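For clarity, every value in this text was computed on a predicted model and none was experimentally measured. All values below were derived from every heavy atom in this structure, side-chain atoms included, with hydrogens, water molecules and symmetry-related copies excluded. Below, chain A is the first sequence line, B the second, and so on; all start at residue 1.
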There are 2 protein chains.
Amino acid sequence: MYSSELIKGTLKTIILSLLTDEEKMYGYEITQKVKNLTGGKIQLTEGALYPTLHALEAQGILTTEVVNVGNRLRKYYTITPSGKAVAQEKVTEFSEFMATMRILLDLQPRAGEA
Amino acid sequence: MYSSELIKGTLKTIILSLLTDEEKMYGYEITQKVKNLTGGKIQLTEGALYPTLHALEAQGILTTEVVNVGNRLRKYYTITPSGKAVAQEKVTEFSEFMATMRILLDLQPRAGEA
DNA sequence: ATATATACCTAAGAAAATTATGTATTGTAA
DNA sequence: TTACAATACATAATTTTCTTAGGTATATAT
């Protein structure tokens, strides 16, 4: 697990990036996918995730659809076309931010970068 | 300028990395160095910087020395030996965090990484 | 039976930043 | 010469974002 302060500010970017690839996910599924993809190094907390999903929905970036699976509810989130543009911006910005931080922290630049 | 939420959580790492290279800097100098190295893309605010410097000093990670330059005060910060270990940990952790985020966001891995 | 996993949610509090000030000196442009 | 920008420190109120802790309920494994 990374110290939580590092992960701050990346939650929206992570959510929107996953939903760009998958088109349809529910909250719990997002937590599990992130956990699996990162080998447990990033674990989203529900207290952070759900309010953020609600905010993204209120902003028209995500839409929802509630589905009954067995006796349990699942709230699926889908990214809107305008949301996809936001997702792309966020991912690009984070990518550039990493390149800048590499310079600042005196780390190796990525291949193809000067 | 990057959206401020991205930069959150990286301030200590930036400060400690710079002081590992330079051994002695004052607050205003840090803001200028970061601005120059990042082409203005990261600009530290004083309201964030000074309280963080004070906290790092209180934790024994930095020591200070006040110098009179002309009629103006400069408070120089120097990293302690134990502080250097903390700096190294922070930079390494951030580097690993970037690699994890690259996987999560489906970005190109760095050269040398699988 | 009981614990763990699935699945949603909110609210109080903490942490870390922004924004807005305040003080004071020095250099520069009008 | 005066006013603005830059240098140099600092704090306080507010906002943002997250953690921690709690709540509800079903399904599954021990």
> Going from NZ on Lys41(B) to NZ on Lys35(B), what distance comes out if it is rounded to the nearest 0.5 angstrom?
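Separation between the atoms: 14.5 Å.
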> Report the distance from atom OH of Tyr26(A) to atom C1' of dC9(C), rounded to the nearest whole Å.
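Going from OH in Tyr26(A) over to C1' in dC9(C) covers 17 Å.
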> Taking atom types as modelled and ignoring hydrogens, do the side chains of Thr92(A) and Gln88(A) form a donor-acceptor contact shorter than 3.5 angstrom?
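Yes, a side-chain donor-acceptor pair sits under 3.5 Å.
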> Roughly, in whole Å, what's the span from NE2 in His54(A) to P in dA11(C)?
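It works out to 12 Å between those atoms.
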> Tabulate protein N/O versus nucleotide N/O from nucleotides 2-5 of chain D, keeping only pairs under 3.5 Å, one per line.
none

> Which letters describe nucleotides 12-22 of chain D, given B = protein heavy atom under 4.0 Å from base, S = only from sugar-phosphate, - = neither?
-----SSBB--
> May I ask you to say whether Lys33(B) pairs ionically with Glu22(B), meaning some side-chain N is under 4.0 Å from a carboxylate O?
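Between Glu22(B) and Lys33(B) there is a salt bridge, with a charged N closer than 4.0 Å to a carboxylate O.
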> What is the separation between atom CD on Glu57(A) and atom P on dC8(C), rounded to the nearest whole Å?
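Rounding to the nearest Å, CD of Glu57(A) and P of dC8(C) are 13 Å apart.
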> Would you mind reading off the distance between Leu53(B) atom CG and dA8(D) atom C1', rounded to a whole angstrom?
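In whole Å, dA8(D) C1' and Leu53(B) CG are 13 Å from each other.
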> Walk me through whether Val86(A) and Leu56(A) qualify under side-chain contact (heavy atoms from CB on, under 4.5 Å).
CA-CA 11 Å; Val86(A) 174; Leu56(A) 291 171; over 6 Å; no
> In this structure, how many angstroms lie between the C1' atom of dA17(C) and the CG atom of Leu6(A), rounded?
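After rounding, the reported distance stands at 15 Å.
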> Decide yes or no on salt bridge (Lys or Arg N to Asp or Glu O under 4.0 Å) for Lys84(A) and Glu23(A), but give the supporting numbers first.
CA-CA 10 Å; Lys84(A) 284 199 180 183; Glu23(A) 294 290 337; 2.3 Å; yes
> Quick one: closest heavy-atom pair of Ile79(A) and Ala87(A), and the distance?
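Nearest pair, atom of Ile79(A) first, then Ala87(A): CD1-CB, 4.0 Å.
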> Enumerate the residues from residues 59-74 of chain B whose closest heavy atom to DNA chain D is under 4.0 Å, giving them by residue number; use none for an empty result.
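Here the set is Arg72(B), Leu73(B), Arg74(B).
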> Grab the OH-P distance between Tyr50(B) and dG22(C) for me, whole Å please.
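Between P of dG22(C) and OH of Tyr50(B): 18 Å.
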> So how far is it from Ile30(B) CD1 to Met25(B) CE, rounded to the nearest 0.5 Å?
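Spacing of CD1 (Ile30(B)) from CE (Met25(B)) equals 5.5 Å.
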> Looking at every heavy atom in both Tyr77(B) and Leu19(B), which two are closest together, and how far apart are they?
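It is O-CD2, 3.2 Å.
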> Please determine whether the number of non-hydrogen atoms from other residues, nucleotides or ligands lying under 6.0 Å from atom CD of Gln108(A) exceeds 12.
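Atom CD in Gln108(A) is not packed in, count stays at 12 or less.
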> Looking only at heavy atoms, what is the nearest atom pair of Leu104(A) and Leu18(B), with distance?
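Reported closest heavy-atom pair: O-CD2, 4.3 Å.
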> Of the non-hydrogen atoms in Ser82(B) and Gly60(B), which two are nearest, and what is the gap between them?
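Minimum heavy-atom separation between Ser82(B) and Gly60(B): OG-O, 3.9 Å.
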